[in-house]
Visitor: 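Please read through the structure below; I'll follow up with questions.
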Amino acid sequence: MRDGRTVIAVLVVPLVLYPGLMLFMGSIEAANKKEEQALRVRVGVVGEAQLPGLPERLRSLEGVSTVPLDKAPRSMESAGVDAVLLIPSALAGLVAKGDSAKVELLYKDADHKSSAADQRMQPVLDEVRRELTVMWAQSRGARVDASPAISVEDRDISSKAETGRFMAALIIPYILVFMVAAGSMHIAIDATTGEKERSTLETLLATSTSRGELVIGKCMAVITTALAAGIVGIFGLWFNFSVVANLMPGLASQSIQLSIRPEQALFLLITVLPTAIFLGATLVAIGCFARSMREGQTYATYVYMASVFLGLGSFRQLGTPPLSRFVIPILNTALLQREILTDTVVPAHAAITLGTSAAMAAIMLVVATRLFSNESVLFRT
Amino acid sequence: MIEVLNLCKTFHDRKKGDIPAVRDVSFSCAPGRVFGLLGRNGAGKTTTLRMLATILSPTSGTALIDGLDVNLRGGEVRKRIGYLSGDTKLYDRLTGRELLTYFGELAGMTPPSIAGRITELQVSFGLRDFLDKRVGKMSTGMKQRLSLARVVLHDPPVLIFDEPTSGLDVMGAREVLRIVLDLRSKGRTIIFSTHIMTEAERICDEIAIIERGSILAQGSVGALKSGNGGGTLEDVFVKTVGEVTSDT
């Protein structure tokens, strides 16, 4: 606990920094949405009278004011509008004849206000499509006294608990892998290359403890720190999203119920253990090989980056992953953890993941021990 | 008892090829005596002592520490030695007591025996005032006294000191030498490497002058002086080493 960098990696970063950053990003997103809703846009309309009911519909849109135009302006800026709705003249006649007719909304995606105008106008464009269809049907003799009230829309009916479960399955495997890698990185290099650099290694090697025991001891310290970082990371997520977000009115929209059952937590720990051993032993092996802390940290950063990318692979995985994904270390653990959190564990996936991870962990422990016992590696300059 | 028999160490460098660091070194040291290895920087002293401490493996030859072969019984050899090098550092984040406890545990000592030994050492090594201070906040002299306490914590019969006074001021160096002499009087077998002639002259019962990995001369201080027509130990050293240097 006296190593400031390890304390920061294990406690401050997972408990405060990352959840804080995620909440901060969420609050920015919420603020942006609020600002967008308050935005007032002007839409120029050419041929407003061509569609009955359109003027009323346009005026009912919140935050949208319309400007009647005779023709499309040369530039929207000079016309003082953010978007232009173009309705061709004699639209009803064109539709009745069966000719093609195009109604267009001109806007600029690169312009924030213009883009907002496009989004606000989407319901109107849907209505125009429906009106045109009705118009065509009437011209063909269909009995349509009034436009049918057809509405196709989506509505999210997930409860906070369901959203929380989904988010847990999405985020927790990634965060666990990511935190385990981040938590083990500094201490692994410090316990190996750091010993060389601080000239404490010789003292240690001259004790009656065997080199194998020393490596195992170092790996245990790294693994413990890595697991602590992972557990603290999940606690940090739960605390910030389920407790802090509920307490702060400004962040209320960000609050979700992150819930993990005890047996799920146990399985998560079981699955993360071989991966923590694998990562810890890999980083210790790197530390044994590296000549200086700087060299060790450079190599360790590559391992960390690889872990992050493999973790991201699970983040992007949709549906049931193919069996081959479960032989890739780190990714397999994240994928299995996702199955655990969604109660969809496939026994074959679990067996392959645990088997592969344990085998990789054992191989890396042997490699780390060999490197630590090899004087030409340990004392290379 | 230490017996070094035809010890050799060759390092391999990808660009330079084989680099012999120690060549056919043999000597012995009995309990209650201090054997000095005298040589310039890079002469092969540290490599020799690292092999005796089983930190490095000999390329050929061997050494017996208390009758145990360093090549075959490294773990048991390490139980019987205390090794201190001048550039060896301690863990800055631990207090003196925590550090001694840690090394006691690594040596396989039980918690009560560690506590008892710390109580003994804090008197004989004058650790009382700073034993519960963090190592990082200790002076160089305090650290060196703590290092010496660490070396003898498990009460080893053989002690290996590799330039233990390097970086110390006059008072600190005198304190180290006093402790080494005290350990000799208690019957410990001591190997002491240095490049400081006055130190060697003061505490060593027998001296070997080492240059380019080979022992050039060996004997008591008096015998070395008389064998080279008198003069100081420094004169003997310069003459012995100078002859080899001018030959090549």
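All chains are named by letter (A, B, ...) in the order of the sequence lines, taking the proteins before the strands, and each is independently numbered beginning at 1.
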Visitor: With rounding to the nearest 0.5 angstrom, report the OH to CD distance, Tyr91(B) to Glu195(A).
Guide: 3.5 Å
Visitor: So which residues of residues 138-156 of chain B are in contact with chain A at a heavy-atom cut-off of under 4.5 Å?
Guide: Arg150(B)
Visitor: Looking at Leu56(B), Asp13(B), Thr54(B), which one has more heavy-atom pairs under 4.5 Å with chain A than the rest?
Guide: Leu56(B)
Visitor: Nearest 0.5 Å please: distance from the CZ atom of Arg80(B) over to the OG atom of Ser208(A).
Guide: 10.5 Å
Visitor: Taking every non-hydrogen pair under 4.5 Å, which of Arg50(B), Arg78(B), Glu76(B) racks up the most with chain A?
Guide: Arg78(B)
Visitor: Would you say that more than 12 heavy atoms from the other residues, nucleotides or ligands in this model lie under 6.0 Å from the CE of Met220(A), or not?
Guide: no
Visitor: Tell me, for Glu213(A) versus chain B, whether the close heavy atoms (under 4.5 Å) come from the side chain, the backbone, both or neither.
Guide: neither
Visitor: Is the number of heavy atoms from other residues, nucleotides or ligands within 6.0 Å of CZ (Phe267(A)) greater than 12?
Guide: no
Visitor: A side-chain contact here means heavy atoms from C-beta on lying under 4.5 Å apart; do Thr207(A) and Tyr102(B) qualify?
Guide: no
Visitor: Answer with side chain, backbone, both or neither: which region of Leu106(B) has an atom nearer than 4.5 Å to a non-hydrogen atom of chain A?
Guide: both
Visitor: For the interface with chain A, which of Ser57(B), Gly75(B), Gly74(B), Ala53(B) has the highest count of heavy-atom pairs at distances below 4.5 Å?
Guide: Ser57(B)
Visitor: Is there side-chain contact between Leu205(A) and Tyr83(B), with at least one heavy-atom pair below 4.5 Å?
Guide: no
Visitor: Should we say atom CZ of Arg97(B) is surrounded by more than 12 heavy atoms from elsewhere, each under 6.0 Å from it?
Guide: yes
Visitor: Going by heavy atoms in the side chains, are Phe103(B) and Thr209(A) under 4.5 Å from each other?
Guide: no
Visitor: Output yes when Lys89(B) and Glu202(A) qualify as a salt bridge under the 4.0 Å nitrogen-oxygen rule, no when they do not.
Guide: no
